Amino acid sequence: MAPGGVHHSLLVLAAGLVAIQMLDNDNTAKELAEIDSALLTDDLPPAAYTDPGFAQFLKAHRDQAQ
């Protein structure tokens, strides 16, 4: 492989890794937004928001709905 080909391959690899990172960040933001909307639209007692397992419960419930 010519030296220019190696540089091109590395550039393509780096661009792919950046794209994957951006998509992962977008998916994480969407998951957090879903949890926030569930919190804001549900009728819960204030003590429920301080429960350590509440975020896991919401995520499990969302995963079951899909």
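Remember, predicted model here, so these are calculated numbers, not experimental data.
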Legend entry - Members sharing L17's hydrophobic cluster (side chains within less than 4.5 Å):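 Answer for L17: L13.
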
Legend entry - Cluster companions of M22 among Ile, Leu, Val, Met, Phe, Trp, Tyr (side-chain spacing under 4.5 Å):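 For the cluster that includes M22, the remaining residues are V18.
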
Legend entry - Test side-chain hydrogen bond (donor to acceptor under 3.5 Å, both in side chains) applied to N25 - qualifying residues, sequence neighbours left out: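 side-chain hydrogen bond (donor to acceptor under 3.5 Å, both in side chains) check on N25 returns Q21.
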
Legend entry - Rounded distance [0.5 Å steps], CD1 in I35 versus CG in L40: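 Those atoms lie 12.0 Å apart.
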
Inset, instruction - Name all residues meeting the side-chain contact (heavy atoms from CB on, under 4.5 Å) criterion together with L32; count only those two or more places apart in sequence or in a different chain, and write none if there are none. - result: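 side-chain contact (heavy atoms from CB on, under 4.5 Å) check on L32 returns T28.
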
Inset, instruction - Apply salt bridge (Lys or Arg N to Asp or Glu O under 4.0 Å) to D26 and list each qualifying residue two or more places apart in sequence or on a separate chain. - result: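 Partners of D26 under the salt bridge (Lys or Arg N to Asp or Glu O under 4.0 Å) test: K30.
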
